[in-house]
Amino acid sequence: MIRVADLHHAYGETPALQGLSFEAGVGEVLGLLGPNGAGKSTTVKILTGLLPLQRGRVEVAGFDIVTSPIEVKRRVGYVPESGALYDALTPDEYFRFIALLYRLDPDVVQPRAEELLRMFELDAVRSARMVTFSKGMRQKVLIASALLHAPDVLIFDEPLNGLDANAMLVFKELLRGLAAQGRTILFCSHLLDIVERLCPRIVILDKGRAIAEGTPEAIAHQTGRSSLEQSFAMLTGARRAEDATAGVLAALESRP
Amino acid sequence: MTAVLGRLLGVDPVQWKALVWVSFITDVRQMTRSGLRLPRAAAGSLGGVLVSQLLYGGFCAALIILLPDVFAASTIYYSLLLATLGLALLVDFTSVVLSPDDHAQLAPRPIDGRTFFVARLTSVAGFSLLLTTPFALLPALAYLFRDGGSLAAAIASVAAAATCAVLVPLVVILLFLALVQVIPASRLHRALGYVQFFVSFVFIGAFFLLSRTTRALDTVRLEKTAAVYLNPAAWFAAWIEIAEGRATTADTAAAAIPLALLVVAGLLVRSRLSLASAERLATMFVDRPGHPANHRPVPYLIFGPAHHAVGLLAGAQFRTDQTFRLGVLGILPLTVIYLLAGFSDVDGPDAMTREPWLVYYAVLFFPMMLRQFLVYSESWRASWVFHAAPMPFDEIVVALKNTVVSRFLVPYLCLVMLLIGWLYPRPPLELLMHGIVVGLLSHALLTADLLVNPSLPFSQPRRQVTRSFALLLLMAPTMAIISTIPFWRPYLYASAGRTFLGVGALVVVNVLLHETLLTRVERQSRQWACAS
């Protein structure tokens, strides 16, 4: 499970998180939503140890992130938004690299790696250097490597980037299965419809704070709107799409 | 002015300016962010490139002044200029001349082929002139001020160099696009990197050995036979002969060849420097997935998993990153040159008795340089994995050091000691102890380097300034150790007791440095943030 309490973080003088608190229970898929700059990535980076904790309290899988960072990392699988991996390696080599970093027993890892490669249809390219891979193929390798150590907690930051329709279907099914196994999943995205379909509970962030929490229906109900999309726009103070586009459309009226 | 010129050439002046501007900005930003990718074996930054061009020019200027045969000196000068320019453009063809990205970026835009062609040609010629200017500067002064020199020769040398700067890109475009039809583009690119690397060391080696055998220079002569004019450099050397009034009929005919070639190559290039060629190039550069890589089991004998993980990355980087590979391999020819430093034709046949101290510089300094190669990487964004993994940072930093020691320092030291033992004979036990002492000193400096700037492997973007500063900081103790070798060496190996005491002291220093490194990384890493 994930427990975040009164989390603060600033980049120099610029605050990114201002007292963020939320919880995700065992077997729960929690969606983290927010506009650009809301603090989603900062939250995820703190949870995964990519950024040091400045203020607040974070507990992952029962371990405090400050006092037991290694225990936390051992139990977390992470897919970063950047999609960056050492592409000089092949998928096989990358899995071996990850297994070494997580001190995994090769006999345990190998069958898992085989299954993961098969699931994402990467068998044929397992010995090809990833520098030749498309964005979607790299994303598949990243998702697979996040699962290699069978983590209790999974943190996905925009995991569907570049995936084709079939891979998306596989991923969604995988997500449900992992939750059913009792793993906690934090799903960050700015794609409202995807989050709405995959996450039974959602936390909406804006300016480093949680501004709404609950099921998509509950959030819509609380804000008096008919959909999560409209609630999100209202909560984050976005202009109406019609207003935002009106000026541009008017400027494009006169053709060259 | 541009508009008039544009109309005359039949190109869109606004698009032409935009394309040239983007090309210029891209090149400059690439230079400041990751170092100009041109002469990979040379300095790496634009400043380094220009300085190395200036040095090559200085070498040629020295030849022009020293050699009594001006035609021979001119031929060597233009051979060097043509080779440098040609290889630089060939090696970086896909970033400087025609990029596979061009098609993807520009094909959807309303740009006509003629504008693209002229803009590309302007950029390439500008780039080529940028490289030629520092190269041609000192030779021009040499033609002016040498004994019997003239202003006409200086002007002719500049004109010939400028013609080289325009003609070479045209020939390179034709040559590369012809070669790429028969050799896969990525393989050709790699092979050209090796050729350029080899040629640069031939130049450095020649310069080094020439400086030690100056007596031989007086005898260098080049007869004006027909075979000499098969070398294109002789065509440009003929321009100097005409300017100085020594031209034969053959010289006059040879001098006209570059001008004729300029017209022919210009016409031929026109059809090849196009967006369609860029598209073909893009498809040629795509490596087909499924290419099998070697499966080598990781031995688990001495070092832990962090060491093997870093080793795995370093190995892959060596296989795929040309800059990294050439940086490492560059140490070998340099070692040979350093070992030959003891050679001098002045001292006679027993000249190899003076042990070259430069080779110790290589053993002490190269591990630190290699460590930098393992930290600054194009793939630095992927280093998030070290932050997310349940592996203490101190283990990863130490693994980086151990990778340099086990994969480079130990084999390299063994090779150097064998060569020293062969070239400068001494008792085997002393050689062994000396090897251990030098190895421990090198390890201490490497640990000190990490202590100054502890960092995770492949975790930082390539930045020349940072790299230079860290290396400069550690250059002083390195030089201090090397320059004092003649003083402490006879004392250290005078008796077994002193030797073991000395080695023991060095072991203690190494252990202390190692422990300090662990403490520093453990403390500092609590505040480390992932740069990516």
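Side-chain atoms are counted along with the backbone in the values below, which use heavy atoms only and exclude waters and symmetry mates. Everything numeric here is computed off the predicted structure, so don't read it as measured data. Protein chains get the first letters and strands the later ones, always in sequence-line order, with residue 1 at the start of each.
Put simply, CG on B:Leu313 and OH on A:Tyr94 are 9.0 Å apart, with the number rounded to the nearest 0.5 Å. Distance check, rounded to the nearest 0.5 Å: CZ of B:Arg381 to CG of A:Asp87 gives 12.5 Å. Between atom CG of residue A:Leu101 and atom CD of residue B:Glu395 there is a gap of 10.5 Å, rounded to the nearest 0.5 Å. Atom OG of B:Ser383 sits about 8.0 Å away from atom CG of A:Leu50, to the nearest 0.5 Å.
Of the two parts of B:Phe318, neither the backbone nor the side chain holds a non-hydrogen atom closer than 4.5 Å to a non-hydrogen atom of chain A. A:Ile155 does not touch chain B: none of its heavy atoms, backbone or side chain, sits under 4.5 Å away.
Residues A:Arg103 and B:Pro392 approach most closely at NH2-CD, 3.7 Å, considering heavy atoms. Taking each heavy atom of A:Leu100 and B:Met391 in turn, the nearest pair found is O-CE, 3.5 Å. Here the closest non-hydrogen pair linking B:Pro457 and A:Tyr86 is O-OH, 3.6 Å. When every heavy atom of A:Ala88 is checked against every heavy atom of B:Gln317, the shortest pair comes out as CB-OE1, 4.2 Å.
Note: A:Leu85 leads A:Leu85, A:Ile98, A:Leu51 in heavy-atom pairs under 4.5 Å with chain B. Interface summary for chain A: among B:Ala399, B:Ala388, B:Ser379, B:Ala316, the most heavy-atom pairs under 4.5 angstrom belong to B:Ala388.
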May I have the step-by-step check of side chain to side chain contact (heavy atoms under 4.5 Å, CB included) for A:Tyr78 and B:Val385, ending in yes or no? CA-CA 9 Å; A:Tyr78 171 51; B:Val385 74; over 6 Å; no
Going through the distances and angles, do B:Phe386 and A:Tyr102 end up as a ring-ring contact (aromatic ring centres under 6.0 Å, His included)? CA-CA 10 Å; B:Phe386 290 115; A:Tyr102 282 77; over 10 Å; no
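By the neighbour-count criterion of 12 heavy atoms within 6.0 Å, atom CG of A:Asp105 is densely surrounded, having more than that number from other residues, nucleotides or ligands. Within a 6.0 Å radius of CD in B:Gln524, more than 12 heavy atoms belonging to other residues, nucleotides or ligands are found. Atom CZ of B:Arg523 sits in a sparse spot, with 12 or fewer heavy atoms from other residues, nucleotides or ligands closer than 6.0 Å.
Contact check for B:His387 versus A:Thr48: no side-chain heavy atoms found under the 4.5 Å cut-off.
Without hydrogens or angle criteria, B:Trp384 side chain to A:Pro80 main chain gives no donor-acceptor distance under 3.5 Å.
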